[in-house]
Amino acid sequence: VRRQPHVEDLLRPLAPRVLGVLARRHGQWDLCEDAVQEALLAASRQWPDEGVPDNPYGWLLTVATRRLTDHQRADAARRRREEADFAERPGDADRVPAPGEAGTTADEDDALTLLFLCCHPAISSASQLALTLRAVGGLTTDEVAAAFLVPETTMAQRISRAKQRIRAAGVPFRLPPERDRAARLRVVLHVLYLMFNEGYTATSGPALHRTELTTEAIRIARLLHARLPRDGEATGLLALMLLTDARRPARTTADGALVPLDEQDRRRWDAAAIDEGVALVTDALSHAALGPYQLQAAIAAVHDEAPTADATDWPQILALYERLRPLAPDNPMVALSHAVAVAMVAGPQAGLEQLAPLADDPRMAEHHRLDAVRGHLCELAGDPLAAGAHYRAAARRTTSLPERRYLEDRAARLDREPPPTVPC
Amino acid sequence: MKYILLIWQTEQTRAALADEDDRAAIMADVGVIMEELQETGELVGGEALADATESKTIRVVDGVTTTTDGPFAEAKEQLAGYLLVETETPERAAEIAARWPDAHYGGAMEVRALMHGSGEEM
């Protein structure tokens with residue numbers, strides 16, 4: 001089902017509110033989630049033709065409640081047949097909320113509760129992403145499937161299994177206990193970070209609708225930040241997304257080729273998003289405990305604020321990576337970016353030395369990013385032969401078409417340059 | 001990550017499939033795996049292919065199209081089908097491949113990562 005854009009914009013923020021109310025009234029949030037999904041589908045079928053109802057929230061809640069009651073009746077009937085059990089749930093099925101009922105504090109807690117539920121550690125990160133997009137983001141199953149480029153049946157199965165697992169873990173519709181909340185919040189932030197990256201890395205062609213994922217990730221990160229304004233990492237993540245997404249218009253060419261940061265047309269960056277991101281990260285750094293998302297946002301801010309690539313404040317970026325390293329000790333990608341910063345401040349040889357230990361890390365030894373950075377640093381060091389070999393190794397190892405194309409172009413460009421002067 | 005699992009069959013696999021008992025056991029194994037992949041949401045697609053001797057190989061050299069029967073008459077292994085899965089890790093894709101009957105009946109499973117259109121600027 002394709003929705004008209006304005007219907008989508010209207011439905012998505014309503015979805016978690018309706019689900020929250022339903023789950024608090026009836027329990028069994030997983031069944032409620034199915035009912036809300038059915039109500040969303042009904043709305044996207046009916047509203048474009050019949051017009052948007054005066055109270056869209058009330059309409060959705062009524063329809064979802066009816067669906068839920070139908071399911072519960074069917075369930076109860078089955079149970080009666082199976083075990084001669086006459087217990088049927090009563091319920092305030094068709095109650096329409098008063099106009100003022102929307103937008104209460106309970107609503108806000110509901111969105112948070114839902115986020116924690118969907119990002120439950122008992123399920124895989126692919127399932128956490130899918131479930132979050134459907135239950136919190138208000139996307140339909142086929143929209144989630146399209147964003148992840150899998151058939152709708154595959155996605156429906158993934159979501160239903162994820163919910164079964166959460167149900168099996170016996171999780172009530174409630175915020176996690178205070179003692180677990182910090183750890184659980186880290187998972188939520190990670191899921192939103194992954195959701196953003198899934199969308200942001202899309203370049204062109206059939207993958208273009210994946211950019212919807214960045215929009216959703218930013219929207220949900222805003223929702224989270226609004227509920228936890230004092231949490232430095234929730235703020236930092238939103239800032240990081242805005243500061244990264246600001247570069248989107250310049251990061252690919254019309255045909256989907258990747259443009260490296262130092263060659264991007266900075267006039268095409270989104271100045272408003274940069275301003276907002278910088279303000280958020282500045283605020284977080286000034287009052288909250290330092291964390292990896294804030295530092296990554298700060299690094300993105302330094303890049304975004306440089307009027308030209310040459311004007312980039314690399315010593316500042318290096319200093320930020322040095323604070324980030326101990327906070328992300330087991331993240332080889334951070335180590336890789338740190339090595340690039342070292343190279344930009346202290347020269348390519350220093351950067352290459354910094355890379356050496358990464359070759360012993362089994363996660364990195366055959367990773368295309370290590371080869372790509374080596375190629376880049378060898379190129380800077382004036383060894384086009386070694387650089388070309390590293391770029392080609394990276395091109396073989398990546399599973400990304402635009403990255404392979406970029407790396408092969410880079411290697412081909414070096415072939416046309418004069419022979420090496422300094423061994424690398 | 002999405003992986004294609006290419007099913008390479010040999011004469012030995014085809015002989016097993018011709019035997020009624022072996023075929024029933026193979027189909028039962030396939031059924032268990034397919035059901036599991038459907039249930040986990042890892043199955044993206046998959047098809048079986050008609051016999052390779054019935055296929056055509058097309059080449060165009062200097063603008064001239066030549067058509068020959070079969071892939072390579074002498075080939076010991078032929079592509080019999082494929083599975084398309086999306087798994088959390090490459091190890092999981094390899095594990096599915098190792099359980100597929102062809103890997104046990106003298107054939108082989110080739111696990112190849114799929115390319116995708118997403119990328120990070122470097």
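Note on naming: letters A, B, ... go to the chains in the order of the sequence lines (proteins, then strands), and numbering restarts at 1 for each one. Just so it is clear, the structure is predicted and the values come from calculations on it, not from any experiment.
Proximity to chain A at a heavy-atom threshold of 4.5 Å picks out nothing from residues 6-16 of chain B. Of residues 40-55 of chain B, those residues with a non-hydrogen atom less than 4.5 Å from any non-hydrogen atom of chain A are, in numerical order, B/Thr40, B/Gly41, B/Leu43, B/Val44.
Heavy atoms closer than 4.5 Å to chain B are found in the side chain of A/Gln264, but not in its backbone. The parts of B/Glu39 that come within reach of chain A are both its backbone and its side chain, each placing non-hydrogen atoms under 4.5 angstrom from that chain. Contact annotation for A/Leu407: only side-chain heavy atoms (C-beta onward) come within less than 4.5 Å of a heavy atom of chain B. With a threshold of 4.5 angstrom between heavy atoms, B/Leu114 approaches chain A through N, CA, C or O but not through any side-chain atom. Of the two parts of A/Leu258, only the side chain, counted from C-beta on, holds a non-hydrogen atom closer than 4.5 Å to a non-hydrogen atom of chain B.
Heavy atoms of other residues, nucleotides or ligands lying less than 6.0 angstrom from CZ of B/Arg23 number more than 12. Heavy-atom contacts from other residues, nucleotides or ligands closer than 6.0 Å to CD of B/Glu35 number 12 or fewer. Open room surrounds OH on A/Tyr193; 12 or fewer heavy atoms of other groups in view lie less than 6.0 Å from it. Other residues, nucleotides and ligands contribute only 12 or fewer heavy atoms inside 6.0 Å of the CD atom of A/Glu366. Counting heavy-atom neighbours within 6.0 Å of A/Met333 CE, excluding the residue itself, gives a total above 12. Under a cut-off of 6.0 angstrom, the local environment of CD in A/Glu263 is crowded, with over 12 non-hydrogen atoms contributed by other residues, nucleotides or ligands.
Listed by chain and residue number, B/Glu86 satisfy the salt bridge (Lys or Arg N to Asp or Glu O under 4.0 Å) test with A/Arg158 (two or more places apart in sequence, or in another chain). Applying the salt bridge (Lys or Arg N to Asp or Glu O under 4.0 Å) test to B/Glu95 and every residue at least two apart in sequence or in another chain returns B/Arg92, B/Arg99.
Using a 4.5 Å heavy-atom cutoff, the side chains of B/Met115 and A/Ser400 are not in contact. Residues A/Val259 and B/Glu121 are not in side-chain contact: their nearest non-hydrogen atoms beyond the backbone lie 4.5 Å or more apart.
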Applying side-chain contact (heavy atoms from CB on, under 4.5 Å) to A/Val150 and B/Lys2, what does each step give before you reach the verdict?
CA-CA 10 Å; A/Val150 297; B/Lys2 288 199 186 93; 3.8 Å; yes

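Most heavy-atom pairs under 4.5 Å with chain B, from the set A/Ala372, A/Ser160, A/Gly199, A/Ser125: that is A/Ser125. Counting heavy-atom pairs closer than 4.5 Å to chain B, the top residue among A/Met155, A/Arg405, A/Arg404, A/His376 is A/Arg404.
Listed here is the closest heavy atom pair of B/Gly119 and A/Pro402: N-CG, 4.1 Å.
Between the OG atom of B/Ser118 and the CG atom of A/Leu149 there is a distance of 7.5 Å, given to the nearest 0.5 Å.
The main-chain N or O of B/Glu120 is found under 3.5 Å from a side-chain atom of A/Glu403 such that the two form a donor-acceptor pair.
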